[in-house]
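Structure first, commentary second.
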Amino acid sequence: MEVHAHLIILGLHQDARLRNLVVNVYSKCRCFGYARKLLDESPEPDLISWSALISGYAKVGTLKDSVSVFNGIAKADIVSWNAVIAGCVLLESHDCALELFREMNKESGVSPNTFTLSSALKACAGAGNREPGRQLHAYLIRSGFEYNNYIVNGLVDAYGKCGQSEDASRVFKESQTSDLLAFTSMITVYSQDGQGEEALKLYLEMQSQGIKPDAFVYSSLFNACASLSAYEQAKQVHVQVLKLGFIIDIFAGNSLVNSYAKCGSIDDAERAFREIPERSIVSWSAMIGGMAQHGHGRLALQMFNEMLKEGVAPNHITLVSVLCACNHAGLVTDAKRYFSSMEELFSVQPMEEHYACMIDILGRAGKLDEAMELVNTMPYEANAAVWGALLGAARIHKNVDLGSKAAEMLINLEPEKSGTHILLANIYASAGMWDGVAKIRKVMKDSNVKKEPGMSWMEIKDKVHTFIVGDRSHPRGKEIYAKLEELSEPLRKAGYVPMVETDLHDVEEREKAKLLYHHSEKLAVAFGLIATPPGAPIRVKKNLRICLDCHTAIKLVSKIASREIIVRDINRFHHFRDGLCSCGDYW
DNA sequence: ATAGGGTTAG
């Protein structure tokens, strides 16, 4: 403003070039009123000034003004097109950005450059369901922009966010880039796609090329460790960060908290949490969610209260975690209180997820009527999560009617999932309805639905050991089976009786008992006993829900062998210690 | 003058 005043005094404000410069200064200083007025009055406004104004409006969040300035330009040049498209992306109007991009290509006669394409790719990534597409990708190759770092990064990111990790990886490999951001994008794609091993491998390759990682890389890496449940790996990466002298930033810090929690160490998670200098709502949610998964319901609620005391407002995710904490700890009354007052106290309207969680809580606790009432009165159509919760409740409380109804709905919604059939078969079996079991077996055979094989993992140093039921291919297989044999007598004395569940495999009863004793989680625990020093905790991960028989057996093993055994199954953590499990047999 | 990567649940 002072500059403008000065120019007026000097009588120079009529000079077109100076005028435009002043407009730019105004735009940068976010004095858009002045900038626009000067431009409107200007006899020869230049495109540079208009573009600065377009982008300035977007940066303060007023897309309408940004677009209207753009629309007012008689003949837009490349920079003004780029500015308005980037503005749309910045404000997450991805479809608007792509629409403008199309219009530019078709009607304007202006050709896109790397700036335009970079924004267009980011719009594809943001829209999520719109992959870069053959046309755009082909254009990039034709135009020779293919190996530009911004473009490589944009393509990798867009393919990744659209769930096409193979395309992302192909682009990345072909580009042979050594750009930090492209590496980060590729590592992120792998870690979000559940390919933790690949993420860690690429991180090593990046280091061997002498590329210095930053906090962005580490937040993705910790996520990779979380998805692998790789405690030792997480620790190693954490040590590297500390050695590099980074003060962990908030994203990497949150990621680390989550990672330690998902790797089975809630204590390490809490230490990492306490070390975050400015904890955000994400930090608190991660910590509360972690405690919930570990079955520490009361502690999670304490944490939630501590958060409220510090004046941090919960969001919808925090409240899902809070309800989850109540669920895993069987705190029905608390859950009801939080659920019914969340809107009033925290201004968070209950969403589908909160309803699903509440229905799960009621169902598990055996309040099936209350659960159904909530299903019928909630403002949403019951989705797979809701029917899944009801099916689980029906299994626990042996309710055949509810179980078959829920299963029917689930099979319609997710026909490809085998778990539904299996759970329903379990319900029929526990009610002695063997013809029902046989019918399901036939349906599964006819529709080609295969039971997902149960698998368990155990990490020692930086090697992951995989186990499948009855598998003898592990290098120490003989010792593992010997260990199980050795345990069978003390187990029997402690009261263990094999619970031959209805298995959908066509095997003889005797075979079943043998298979049961060699379930993947039992193999992993036995391996843990022989491969780790006495007294060390044993951490196992399973891809499915832990089976009832294994749950009973591992409780007893924890006492017989004086070991803490931590099993992360598909839903939660089980901490076995001294003959008991943290889930209180409620899972 | 206009462009790139990361965190929490189910």
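None of these values were measured; they are calculated from a predicted model. So you know, we letter chains A, B, ... as the sequences are listed, proteins then strands, and number each from 1.
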Self-check item: Sequence neighbours excluded, every pair satisfying salt bridge (charged side-chain N to carboxylate O under 4.0 Å, His left out) that has a member inside residues 76-86 of chain A
Solution: none
Give one of base, sugar-phosphate or nothing for [X], where a contact means two heavy atoms less than 4.0 Å apart.
X	value
A215(A)	base
A385(A)	nothing
T114(A)	base
L180(A)	base
N113(A)	nothing

Practice problem: Indicate yes or no: does D360(A) engage R364(A) in a salt bridge with an N to O separation below 4.0 Å. | Solution: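 Yes, this pair counts.
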Quiz item: Salt bridge or not for K173(A) and E205(A), using N-O below 4.0 Å?
Solution: no
Self-check item: Nucleotide range of DNA chain B lying under 4.0 Å from chain A heavy atoms
Solution: dA1(B) to dG10(B)
Practice problem: Please state whether the rings of W81(A) and F70(A) are parallel, tilted or perpendicular, taking 30° and 60° as the class boundaries. | Solution: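 The rings of W81(A) and F70(A) stand perpendicular, inter-plane angle above 60°.
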Quiz item: Parallel, tilted or perpendicular for Y218(A) and F222(A), by the 30°/60° rule?
Solution: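 Aromatic pair Y218(A)/F222(A) classed tilted.
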Quiz item: With no hydrogens and no angle check, do the side chains of Y139(A) and Q135(A) hold a donor and an acceptor under 3.5 Å apart?
Solution: no
